[in-house]
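Positions are given from 1 along the sequence. Every number for a ligand or one of its atoms is a count from 1 in the order of the listing.
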Amino acid sequence: MTAKIIDGKEISKIVREEWKLEAEKLKEKGVLPGLAVIIVGDNPASKVYVRNKIKACHDVGLHSEVHEMPEDTQEVMLLDAIRSLNENKTIHGILVQLPLPDHIDEDKVLETISVEKDVDGFHLYNMGALVVGNTVFPPCTPYGVQCLLEHMDIPIEGMNAVVVGRSNIVGKPMAMMLLHKNATVSICTSKTRDLNQYTSMADILVVATGRPEMITGDMVKEGAAVIDVGINRLDDGRLVGDVDFDSVKQKAGYITPVPGGVGPMTITMLVANTVRAAQSIHKLG
Ligand code: GUN
């Protein structure tokens with residue numbers, strides 16, 4: 001079997017158009033959805049991500065602004081900047097780009113963002129809401145993965161779903177979202193013994209480990225949907241995922257490419273969450 005490629009760029013264009021229409025409805029009622037992104041320091045990858053997020057807002061016609069703060073910013077200054085954005089009526093979504101410099105307490109920062117503007121869905125309240133199934137803002141990457149599965153008509157209910165990676169940004173929320181869709185979910189980590197035993201059972205395999213090309217064709221069930229959240233730059237300059245695309249493509253039913261799979265969807269779901277935040281704050285949903 002040769003897998004169907006899940007074209008994240010194409011699906012993301014379609015989904016952005018849907019949210020553009022929602023944004024236009026808000027604008028007709030006098031509300032321009034606005035996103036503020038705070039970036040601390042000069043991490044080159046973070047700068048690229050932020051640039052792409054701002055471009056996506058522009059494409060959909062949202063207001064966006066970037067607050068750049070130096071690497072040695074004191075935590076209190078960052079918290080003050082967030083509090084001021086919490087009060088700012090032109091801003092409906094606030095995102096602090098991660099990772100933060102080591103001297104800043106990430107948990108404190110995320111909990112300072114107003115719950116109703118937490119478009120990343122990383123606030124403890126939003127994380128807890130996700131666990132009980134009252135999702136306010138689903139974290140953008142797993143939300144994007146769910147959207148890709150839906151667009152490809154890949155059934156989730158009753159399926160064996162295996163998530164490799166247990167980060168707060170991807171693995172844990174992804175597992176919860178699949179569980180709420182009635183999949184049977186296993187979460188594997190870098191310490192999982194006999195990982196192959198789990199991955200080869202998966203009808204839906206989501207990989208978010210940060211380990212280049214670690215999932216190979218022999219680890220995958222024939223016909224599975226394989227979603228690669230990883231993005232790794234190799235020493236030879238190549239950009240690869242956590243899945244060995246060439247071998248897995250021979251076995252899977254569906255596969256996301258890297259780049260052009262999950263990445264564009266993550267950014268699209270940030271736009272979606274920003275519009276949803278504006279709808280909710282102005283009770284216009
Ligand atoms: N760094 C890597 N991914 C993300 C994300 O989804 N949101 C934020 N805020 N930072 C990130």
Legend entry - Ligand-side contact atoms (ligand 1) for residue partner L95, heavy atom cut-off under 4.0 Å: 9 (N)

Legend entry - Proximal atoms of ligand 1 relative to V96 (non-hydrogen, under 4.0 Å): 8 (C), 9 (N)

Legend entry - ligand 1 contact on F122 by region, counting heavy-atom pairs under 4.0 Å: side chain

Legend entry - Location of contacts on L98 toward ligand 1, heavy atoms closer than 4.0 Å: both

Legend entry - Which residue and heavy atom of the protein sit nearest atom 3 (N) of ligand 1, plus the separation: I169 CD1, 4.4 Å

Inset, instruction - Using distance alone, decide if ligand 1 has a nitrogen or oxygen within less than 3.5 Å of any nitrogen or oxygen in P99. - result: no

Inset, instruction - Would you give the length of the straight line joining atom CD1 of I94 to atom NE2 of H123, rounded to the nearest 0.5 angstrom? - result: 11.0 Å

Legend entry - Nearest neighbour of atom 7 (N) of ligand 1 from the list V50, I113, D120, on a heavy-atom basis: D120

Inset, instruction - Going by heavy-atom distance to atom 4 (C) of ligand 1, choose the closest among Q97, M269, E106. - result: Q97

Inset, instruction - Say whether, by atom type as modelled, one donor and one acceptor occur between the side chain of S200 and the main chain of N196 under 3.5 angstrom. - result: yes

Legend entry - Over 12 foreign heavy atoms within 6.0 Å of OH, Y254: yes

Under 3.5 Å, is there a donor-acceptor pair linking the side chains of [X] and [Y]?
X: R16; Y: T268; value: yes
X: K47; Y: Q97; value: no
X: H92; Y: H63; value: no

